[in-house]
Engineer: 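Input: one structure, supplied below.
Throughout, protein chains are lettered first and strands after them, A, B, ... in sequence-line order, and every chain is numbered starting at 1. Computation of the quantities below employed the complete heavy-atom set of this structure, encompassing side-chain atoms and omitting hydrogens, waters and symmetry-equivalent molecules.
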Number of protein chains: 2
Amino acid sequence: METRARETLRERKKRRTREALLRAALELFTTQGYEQTTVDEIAEACEVSQRTFFRYFAGKEDAAFAVQDMTEARFVAAVRERPAHEAPMEAMRQAVLQGWDALRETVESAVPVELYLRMYRTIESTPALLAAHLRRSAATEETIARLLAEREGVDVAADPRPRLAVAVFGGVMRVTERQWSTGDDFSLEAIRQLTASCLDQVGSALTGNWRTT
Amino acid sequence: METRARETLRERKKRRTREALLRAALELFTTQGYEQTTVDEIAEACEVSQRTFFRYFAGKEDAAFAVQDMTEARFVAAVRERPAHEAPMEAMRQAVLQGWDALRETVESAVPVELYLRMYRTIESTPALLAAHLRRSAATEETIARLLAEREGVDVAADPRPRLAVAVFGGVMRVTERQWSTGDDFSLEAIRQLTASCLDQVGSALTGNWRTT
DNA sequence: AGGCTAGTGACAGCCGCTGACAGTTGACAA
DNA sequence: TTGTCAACTGTCAGCGGCTGTCACTAGCCT
């Protein structure tokens with residue numbers, strides 16, 4: 001966590017360029033749309049060449065998910081740090097909620113939280129980005145599955161239950177995301193509350209017979 | 001189902017061109033890889049111009065999923081036709097299994113089943129296609145959720161349980177797909193059996209404490 | 001102070017995809 | 001049968017994402 005330690009001029013310039021590109025990209029994506037924004041525009045906004053953009057980001061998509069990656073990493077770390085006595089589903093639940101609580105600290109070093117939340121919604125409403133998001137989530141789920149398998153002492157190759165549990169959890173998260181991004185309360189508290197609410201209703205959703213309740 | 005009735009010459013030619021393009025595309029995708037195959041190659045293999053390819057398919061991706069779309073449509077229809085007394089999860093389970101059983105008839109009109117299965121695996125192992133696949137699945141899930149909500153007489157906007165149930169089911173399907181495509185038995189029977197097996201283990205996966213069993 | 005190299009810009013080129021326009025060929029009525 | 005019309009196709013031009021190459025500038029290090 002000691003990034004400010006002896007940062008050479010070159011490194012500082014690099015970091016600034018990257019941050020400028022990222023901020024400009026997210027700003028443009030969220031205001032005029034992802035597809036409508038060209039890489040040239042982003043580069044021009046920072047007064048660098050298009051080629052330089054591609055030296056910092058593997059592609060346009062990569063810039064869109066740069067911040068998301070930070071929060072996902074936090075989530076994985078949070079799961080890893082959960083006490084061993086917690087059941088898998090409970091550990092994931094706590095890790096996610098914890099992630100929302102600490103979102104500000106996680107994100108603010110790169111971009112304003114408000115910009116992050118706007119980008120989050122842009123991802124949900126842009127088909128190409130939604131696809132990429134789901135694929136990335138699948139990769140994260142695979143990581144978590146291995147983590148839980150090891151933690152519970154089962155073989156992830158032979159026992160499908162770790163992957164099943166994570167897939168179910170991931171499915172619930174996607175419903176939560178969708179509900180939040182199509183709702184009318186775009187606050188951080190709203191998404192935290194929705195997360196808990198959706199997780200609480202999984203059992204009821206699976207047992208069927210929704211008419212009676 | 002009466003496609004052969006009064007098919008004009010023009011229509012026949014069109015259908016042939018489309019089928020040729022589709023077959024060539026899948027053949028090339030599955031043998032040399034999706035990214036490694038250019039649209040020009042596909043068009044050339046059928047002796048048409050690149051422009052013509054784009055008149056039949058919205059894009060390279062579209063060709064890759066043409067057959068998948070047929071099976072998904074069958075699945076949605078199957079859910080719709082399930083008896084009203086079945087619980088949601090059970091209805092989806094039956095619909096999927098039924099889909100695998102009828103796969104041959106569903107697919108063979110377009111391409112050989114073997115080619116379909118090969119393409120299925122190619123999708124799983126190609127990041128760009130996997131992303132598209134997940135997004136398409138999400139769209140299908142939304143359709144199913146509305147279907148089940150109506151069927152059970154609940155409001156899909158107010159009650160998250162239909163979407164939750166479908167998301168959970170979809171998650172299990174993805175685990176199944178992955179397990180199948182990374183396993184060593186690429187037969188149709190294998191995937192059918194895996195489907196049932198994974199669905200059976202969801203309960204156990206969620207209750208945690210995997211060590212004891 | 002001067003050599004070294006990371007970082008950059010400029011240029012050329014591939015590929016997916018689209019719009020515009022003209023040529024060809026099947027459909028259908030006179 | 002023939003002529004007209006609409007459908008289908010090829011060609012060409014162009015945009016945007018992305019990559020390789022190469023020369024050049026600017027910070028680093030001795």
Engineer: Testing A:Arg74, A:Arg82, A:Glu81 one by one against A:Gln98 for a side-chain hydrogen bond (donor to acceptor under 3.5 Å, both in side chains), which residue passes?
Structural biologist: A:Arg82

Engineer: Can you confirm if the NZ or CZ of A:Arg121 lies within 45° of the ring axis of A:Phe186 and under 6.0 Å from the centre of its six-membered ring?
Structural biologist: yes

Engineer: Please determine, for the side chain of B:Val39, which listed nucleotide (D:dC18, C:dG16, C:dG7) has the closest atom?
Structural biologist: C:dG16

Engineer: Figure out the OH/P separation between B:Tyr34 and C:dC15, and round it to whole Å.
Structural biologist: 15 Å

Engineer: Would you call B:Glu142-B:Arg163 a salt bridge at under 4.0 Å N-O?
Structural biologist: yes

Engineer: If you go through the side-chain atoms of B:Arg12, does one of them form a donor-acceptor pair with the base of C:dG26 closer than 3.5 Å?
Structural biologist: no

Engineer: Enumerate the protein-to-nucleotides 12-15 of chain D contacts in which both atoms are nitrogen or oxygen and the separation is below 3.5 Å.
Structural biologist:
none

Engineer: In whole angstrom, what separates A:Lys14's NZ from C:dT8's P?
Structural biologist: 7 Å

Engineer: From the options C:dG26, C:dG9, D:dT19, select the nucleotide whose nearest atom is closest to the side chain of A:Phe54.
Structural biologist: D:dT19

Engineer: Applying a 4.0 Å non-hydrogen cut-off, can you work out what A:Ser49 is touching in the nucleic acid: base, sugar-phosphate, or nothing?
Structural biologist: base

Engineer: Any salt bridge linking B:Glu27 with B:Arg23? Criterion: basic side-chain nitrogen under 4.0 Å from a carboxylate oxygen.
Structural biologist: no

Engineer: Output yes when a side-chain donor or acceptor of B:Trp100 lies under 3.5 Å from a complementary backbone atom of B:Leu188, and no otherwise.
Structural biologist: no

Engineer: Nearest to the side chain of A:Lys60, which nucleotide is it out of C:dG7, D:dC18, D:dT11?
Structural biologist: D:dC18

Engineer: Round to the nearest Å and state the distance from B:Ile42 atom CD1 to C:dG16 atom C1'.
Structural biologist: 11 Å

Engineer: Please work out if A:Tyr56 contacts a base, only the sugar-phosphate, or nothing of the nucleic acid, heavy-atom cut-off 4.0 Å.
Structural biologist: sugar-phosphate

Engineer: In whole angstrom, give the distance that lies between atom CD of B:Glu47 and atom C1' of D:dT9.
Structural biologist: 14 Å

Engineer: To the nearest Å, give me how far apart CZ (A:Arg16) and P (C:dA6) are.
Structural biologist: 22 Å

Engineer: First locate atom CG of B:Leu103, then atom CG of B:Leu117, and finally report the distance between them rounded to the nearest 0.5 Å.
Structural biologist: 6.5 Å

Engineer: Could you tell me whether B:Asp155 and B:Arg146 make a salt bridge, using a distance below 4.0 angstrom between a side-chain N and a carboxylate O?
Structural biologist: no

Engineer: Could you give the CZ-to-P distance, from B:Arg55 to C:dG19, as a whole number of Å?
Structural biologist: 11 Å

Engineer: Round to a whole Å and report the spacing from CZ of B:Phe57 to P of D:dT9.
Structural biologist: 12 Å

Engineer: To the nearest Å, how far apart are B:Glu44 CD and C:dC15 C1'?
Structural biologist: 15 Å

Engineer: Applying a 4.0 Å non-hydrogen cut-off, can you work out what A:Phe53 is touching in the nucleic acid: base, sugar-phosphate, or nothing?
Structural biologist: nothing

Engineer: Would you mind telling me which of C:dT25, D:dC22, C:dC15 lies closest to the side-chain atoms of B:Arg10?
Structural biologist: C:dT25

